[in-house]
Amino acid sequence: MNTSSAPSLHGRPSPAYDAHVAEAIATLRTAIAEFGSSTLVQASSLGAEDVVLSHLIESNGLGIPLFVLDTGKLHPETQVLLQATQQRRPESVAIYRPNPASVQAFVAAEGEEAMYRSLALRKRCCHIRKLEPLERALQGKSAWLTGLRREQSGNRATVPLRDDSEQAAGRPTKFNPLANWTWGDVWHYIATHQVPYNPLHDQFYPSIGCAPC
């Protein structure tokens, strides 16, 4: 393995690694038992946590589909991994894109590089390219899965294994099966199972998303 690759640099499991893997699988099975795999969906940015979660789903035969938000501004490396994921799971990967008319109107009014000029413009861009497509992706779903981890948050309570906090707003239940995983756990799993990952992580990207952000 390349000593400068992300798995080599970061792949040091925590003492609780095996327990974290078992907890993630148990959380996935709990979600299926309650909601059924047909109304569950995984949200994936094709970052390290997301490819681990997808592998856990696939390797355990859980049959949960995933969706990716193609903002129109994804890195080329992300597009390549998305295509490979589609080829591996042709019936289980959905892609949601922003409304073309909304994008065209925003660019016509503010310019192609508007998101670099102010926080307000960046938020408007994110709403068009990510938040509105996310709402469409979650329509009709009873629950969704993310790769969020507590280690990424300053407030550990914001990333529970199960999150029902948005149900009052009509959003589905959110499950975060990797909530207790460390960064080292994530990369140890990728290395151990030879999970294809986004090469941007080898360039020290901690997460993967829309290129401007």
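Values reported hereafter were calculated over all heavy atoms of this structure, with side chains retained and with hydrogens, waters and symmetry mates removed. Throughout, residue positions are numbered sequentially from 1 according to the sequence presented.
- Residues passing the side chain to side chain donor-acceptor pair (under 3.5 Å) test with Ser165 are Asp163, sequence neighbours excluded.
- Put simply, the side chain of Gln194 gets close to the backbone of Ala191: a donor and an acceptor are under 3.5 Å apart.
- Side-chain contact check for Leu119 versus Lys123: some heavy-atom pair is nearer than 4.5 Å.
- Checked against side chain to side chain donor-acceptor pair (under 3.5 Å), Gln83 has no partners two or more places apart in sequence or in another chain.
- Between Ile128 atom CD1 and Thr71 atom OG1 the span is 12.0 Å, to the nearest 0.5 Å.
- Residues that satisfy the side chain to side chain donor-acceptor pair (under 3.5 Å) test with Ser92, not counting sequence neighbours, are absent from this structure.
- Between Ser102 and Glu132, every side-chain heavy-atom pair lies at or beyond the 4.5 Å cut-off.
- At a threshold of 4.5 Å between side-chain heavy atoms, the hydrophobic network of Ile, Leu, Val, Met, Phe, Trp and Tyr places Val21 and Leu161 in two separate groups.
- Residues Pro76 and Leu200 form no side-chain contact, since every pair of their non-hydrogen atoms from C-beta on lies 4.5 Å or further apart.
- Residues Val68 and Leu66 share a closest heavy-atom pair of CG2-CD1, 3.8 Å.
- Here salt bridge (Lys or Arg N to Asp or Glu O under 4.0 Å) pairs that include residues 8-18, with residues two or more places apart or in two chains, number zero.
- The shortest heavy-atom contact between Phe106 and Leu121 is CZ-O, 3.7 Å.
- Not one N or O on the side chain of Asn198 forms a donor-acceptor pair closer than 3.5 Å with the backbone of Gly47.
- Considering every non-hydrogen atom in both Ile190 and Pro7, the closest pair reads CG2-CG, 4.4 Å.
- Val41 and Val52 end up in different hydrophobic clusters when Ile, Leu, Val, Met, Phe, Trp and Tyr side chains are linked at under 4.5 Å.
- Without hydrogens or angle criteria, Trp144 side chain to Ala43 main chain gives no donor-acceptor distance under 3.5 Å.
- Applying the salt bridge (Lys or Arg N to Asp or Glu O under 4.0 Å) test to every pair with at least one member in residues 137-147, sequence neighbours left out, gives no pairs at all.
- The NE2 atom of His193 lies 7.0 Å from the OG atom of Ser59; values are rounded to the nearest 0.5 Å.
- Here the side chains of Thr182 and Tyr17 are not in contact, with every heavy-atom distance at 4.5 Å or above.
- We find the CG-CZ distance between Leu138 and Phe67 to be 4.5 Å, quoted to the nearest 0.5 Å.
- The ring-ring contact (aromatic ring centres under 6.0 Å, His included) analysis of residues 194-213, with sequence neighbours excluded, yields the pairs His75-Tyr205, Trp187-Tyr197, Trp187-His201.
- Partners of Ser142 by side chain to side chain donor-acceptor pair (under 3.5 Å), not counting sequence neighbours, listed by chain and number: Thr39.
- Looking at Asp164, its side chain never comes within 3.5 Å of a backbone N or O of Thr173 through a donor-acceptor pair.
- To the nearest 0.5 angstrom, Leu62 atom CG is 11.0 Å from Gln42 atom CD.
- Taking CG from Leu81 and OG from Ser44, the interatomic distance works out to 8.0 Å, rounded to the nearest 0.5 Å.
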Side chains of residues 108-115: which donor-acceptor partners sit under 3.5 Å, not counting sequence neighbours?
residue : atom : partner : partner atom : Å
Glu110  : OE1  : Arg117  : NH2          : 3.2
Glu110  : OE2  : Arg124  : NH1          : 3.3
Glu112  : OE2  : Lys73   : NZ           : 2.7

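- Under a hydrophobic-cluster definition in which Ile, Leu, Val, Met, Phe, Trp and Tyr are linked whenever side-chain heavy atoms come within less than 4.5 Å, directly or via other members, Trp181 and Leu148 are assigned to different clusters.
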message: Go through it in stages, so that I can follow the logic: the residues are Arg171 and Leu134, the test is side chain to side chain contact (heavy atoms under 4.5 Å, CB included), and I'd like the CA-CA distance, side-chain angles, deciding distance and then a yes or no.
response: CA-CA 11 Å; Arg171 298 287 292 276; Leu134 175 62; 3.8 Å; yes
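- Distance alone, capped at 3.5 Å, is enough to place a donor-acceptor pair between the Asn176 side chain and the Pro160 backbone.
- Listed by first and then second residue, the salt bridge (Lys or Arg N to Asp or Glu O under 4.0 Å) pairs involving residues 45-54 are Glu49-Arg149 (not counting sequence neighbours).
- Annotation for Gly63 and Ser37: closest pair O-CB, 3.9 Å, computed over non-hydrogen atoms.
- Side chain of Ser45 to main chain of Ile208: a donor-acceptor pair is present (N/O by atom type, distance under 3.5 Å, no hydrogens or angles).
- Contact check for Leu53 versus Pro177: side-chain heavy atoms found under the 4.5 Å cut-off.
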Sequence neighbours excluded and cut-off under 3.5 Å, please list the side-chain donor-acceptor pairs for residues 24-35, or say none.
residue : atom : partner : partner atom : Å
Thr27   : OG1  : Glu23   : O            : 2.8
Thr30   : OG1  : Ala26   : O            : 2.9
Glu34   : OE1  : Arg162  : NH1          : 2.6
Glu34   : OE2  : Arg162  : NH2          : 3.0

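- Here OH of Tyr96 is found 9.5 Å from CG of Leu69. Values are rounded to the nearest 0.5 Å.
- There is a path of hydrophobic side-chain contacts, each under 4.5 Å, that joins Val51 to Ile95.
- Cluster annotation: Leu46 and Val80 are assigned to distinct hydrophobic clusters (Ile/Leu/Val/Met/Phe/Trp/Tyr, side-chain heavy-atom contacts under 4.5 Å, transitive).
- Applying the ring-ring contact (aromatic ring centres under 6.0 Å, His included) criterion to His127, with sequence neighbours excluded, gives no partner residue.
- Every pair passing salt bridge (Lys or Arg N to Asp or Glu O under 4.0 Å) that includes a residue from residues 85-99 is listed here, sequence neighbours excluded: Glu58-Arg88, Glu58-Arg89, Asp70-Arg97.
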